Amino acid sequence: MKPALLLLAPLLAWSAENAWMLENDALAARVEFTPGGALLLTSLSSRSGVRFADAKSPSRLFHFRVRLERQAQGPNGANPPPAYGVLEKKEYDFDGVGPWELLAASAGSREGSHLEVRLGARSEPRLAVTVHLRCRPGAAPLEVWYEVKNTGRWTLFLDRFDSFNWNLAKAPLENATIYSVRKGTTRTNVLQLEAKPMGGYLIKSGPVRDNDVEEFVPWFSIQRPGDAGGVYGGWAFSAFGSILLRPESDAFRITGGLDPAQLSVSVQPGQIRPAPMAFLGPYEGGLDDGANALHRWIERWLAPRSSVALPLVNYNTWTAVGMNVTEQNMLEHVRMAKLLGCELFHIDAGWHPAAAEWEPDPARLPRGLLPIRNAAREAGLKFGLWVAFTQAGRALARKRPEWLTAAMPLNWDPPSYAGLTMCLGYGPAREHMAQVLEKAVSGFQLDYLEHDQSILQTCRRDFHGHSPNAGTYEQTLTYYRLHEDLLRKHPDLLLENCMGGGNILDFGVLQRFHLFSLTDLYDPLGNRQAIYGATFPFPARYGEGYMKEAEGVSYHYQFRSYMMGYWSLSADTTRWPGEKVEACKKDIAAYKRIRSILRDGNVYHILPRPDGWHWDGMEYFDPVTGRGVVFVFRPDSPDRSHTLYLRGLDARASYRVTFEDTPEAFTRTGESLMGEGLRVNLDGRYTSAIAYLNRN
């Protein structure tokens, strides 16, 4: 028996020969290397003692399939010439059972408890696997990832590379519900929360446009009946993949990862290939409680650092001027951005003459961007720009057709804002795109950079240096590295992920970007629907909504529909009447007062998903500061009032309740606000209210 290795919480200790415990405020997990050569997760419990995994059906932690291709040996073991040789092809499946040889194991406290176990294959093909399990401080999930190293002489091909290979005990999940969030960026079901009974369920994810209605955020939550807790999980990668949840006789299985149909990753001798990180986190309480635990982990450990307090108030030019960006109209919009109290001036598409020509259009911007950037800085605004860096316009596509993910179509006539997508996995194209990004940031002295259009696209061109089925895997790794390099060189730069509005939404891109566009639905209802669903897997301040002009609704109804996430004004404010300008200034001032609650607080979905007819609203509350904010909307509803049952408050504490639009104020206990509710009156349709909570 080895002595216990005592560390600060979370705890990781040797509990038996080749067995380890990882613990934090949310979970306790046991990992064992058995005498038979298997690496297994034999226990996973919540801190209240609910055992979600046990030794009766242990988890094998990982799964991959490799293909070995080599020439058959000739006489006396010699390799015959290729003209006479035949290829020998074999496939091998590997998971935690092995059997493996334990090469090394180390336990440390780097950013929480980190267990690293290195395994070697006992037979052909020669390879090694390094498995990582990490348990960060606080109510954080268990993170699992691994790397495959080719230690032999022959090239291997990974035809399956799963991040999930987990078994959950069936008893604690009896009658539970599986939740997931659909994408669909311009559909009426945008970011819709789906609820399914505990049966077989496939969650597909990937960087696609709206042509696939079955695309989901790579996240799930399994909620036990009532508020009895559950487990959430997810996948930190942007390529095509899937998560399969299904009951079996002895356990509830969670498997999946990279899509095998788009995967054949070569592993050269000595090369290491990483599998994307997966995570699983037990939680106490209801669905929102699990979401909030996930959000705190994201904010503390995954989100890129920023020198400014996010979210900012963004002024974007897209729906105001479209492609007609001129020096004159930009200077007028800079003036309006300053007047309203915005903090960032962000020129969208239209400043360039064509896709891949990332210089100011000389016809519309003869003096370039310098006068606009200087005006923004003099107005106290940060300066941002839109760049579709993966797109090749007509000239570049004809000059470098080999850079494209597919052959150029005949009679192709591209718009000026998009072209054909270049392959991030192809060296020369990759170098060009890195130069485009660096030139944009340095040359225009940007504070903020947005990318758009197709980023990760299936590429089957085998001369690109990746196998025909490994395009999105290789491209995703490059996509991440390019933006990691940008942040290393420009640590104060803010990055927005926008691929056609919300087509890349996952926990991998989240680690390299400060926000992402949720949807290309710019209307108030569409944005409220998007932020409602997005705030189950992601923190509210990540979800950007572009605000276009809205007719037939009150000013505050329009503005507040975007204040529950990252607010980007994109309407033509130069045409607004004075009273609308004043209303917007008022709501921007309110937004700045409450944005720390959006960033640091918990989110509660206190009313159903917005549908345009029934009242809808959301609550944000920071238990540390005791401050909260409640947004409520009366759309096309005949009801003049509604009762909101708040959540997450201290039942014994008292709270001062005030409103943004009226002088009404009173003090109520948390027990009363959660049990009896908060009654809100709104006299007209398409109106809104904001209530503030301050703990006494």
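These numbers were taken from a predicted model, which means no experiment stands behind them. Scope of the values below: all heavy atoms of this structure, side chains included, with no hydrogens, waters or symmetry mates. Along the sequence shown, residues carry numbers from 1.
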Is the side chain of D452 donor-acceptor paired with the backbone N or O of G500 at a distance under 3.5 Å, no angle test?
->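 Such a contact is found between D452 side chain and G500 backbone.
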Do the charged groups of [X] and [Y] touch, with an N to O distance under 4.0 Å?
X	Y	answer
K90	E69	no
E147	K149	no
D159	R65	no
R182	E194	yes
K89	E91	no
R47	E284	no

Going by the angle between their ring planes, with limits at 30° and 60°, are [X] and [Y] parallel, tilted or perpendicular?
X	Y	result
Y480	F237	perpendicular
F64	W100	tilted
F516	F538	perpendicular
H132	W145	parallel

For a 4.5 angstrom cut-off between non-hydrogen side-chain atoms, does [X] reach [Y]?
X	Y	answer
N292	H295	yes
S306	L494	yes
S205	D506	no
V436	V387	yes
E474	C459	no
V148	T130	no
K170	M198	no

Testing the basics here: between [X] and [Y], what is the closest heavy-atom pair and its distance to 0.1 Å?
X	Y	result
R273	V267	CG-CG2, 3.7 Å
A392	M422	CB-CG, 3.9 Å
F513	L495	CD2-CB, 3.5 Å
V31	L22	CG2-CD1, 4.0 Å
R136	N24	O-ND2, 2.8 Å
F240	T458	CE1-OG1, 3.6 Å

Going through the distances and angles, do H432 and F389 end up as a ring pair (Phe, Tyr, Trp, His ring centres under 6.0 Å)?
-> CA-CA 9 Å; H432 167 79; F389 73 99; 9.9 Å; no
R160 meets the salt bridge (Lys or Arg N to Asp or Glu O under 4.0 Å) criterion, sequence neighbours left out, with D162
Residues which pass salt bridge (Lys or Arg N to Asp or Glu O under 4.0 Å) with E299, listed by chain and number, not counting sequence neighbours | R541
Pair Y426-R400, side-chain contact (heavy atoms from CB on, under 4.5 Å): steps then yes or no = CA-CA 12 Å; Y426 183 47; R400 298 293 187 189; over 6 Å; no
Worked verdict on L68 versus E124 for side-chain contact (heavy atoms from CB on, under 4.5 Å) = CA-CA 9 Å; L68 172 63; E124 194 177 81; 3.9 Å; yes
Looking only at the side chains, is there a donor atom on one of [X] and [Y] sitting less than 3.5 Å from an acceptor on the other?
X	Y	result
D492	S307	yes
N165	T255	no
T390	Y479	no

Could you go through the side-chain contact (heavy atoms from CB on, under 4.5 Å) check for C423 and W403 one step at a time?
-> CA-CA 6 Å; C423 179; W403 290 3; over 6 Å; no
State the CH2-CD1 distance between W219 and I243, to the nearest 0.5 angstrom.
->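 Atom-to-atom, W219:CH2 and I243:CD1 are 10.5 Å apart.
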Please say whether more than 12 non-hydrogen atoms of neighbouring residues, nucleotides or ligands are located less than 6.0 Å from CZ in R296.
-> yes
Test ring pair (Phe, Tyr, Trp, His ring centres under 6.0 Å) on F52 and F252 and set out the steps.
-> CA-CA 10 Å; F52 288 103; F252 189 80; over 10 Å; no
Would you list the pairs meeting ring pair (Phe, Tyr, Trp, His ring centres under 6.0 Å) in which at least one residue belongs to residues 256-280, sequence neighbours left out?
-> F279-W297, F279-F507
Verdict with supporting geometry, L168 and L280, side-chain contact (heavy atoms from CB on, under 4.5 Å) = CA-CA 11 Å; L168 299 184; L280 188 71; 3.9 Å; yes
Between T421 and Q391, is a side chain to side chain donor-acceptor pair (under 3.5 Å) present by the stated rule, with each step listed?
-> CA-CA 5 Å; T421 303; Q391 300 299 287; 3.2 Å; yes
Aromatic ring centroids of F536 and F220 under 6.0 Å?
->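 No, the ring centres sit 6.0 Å or more apart.
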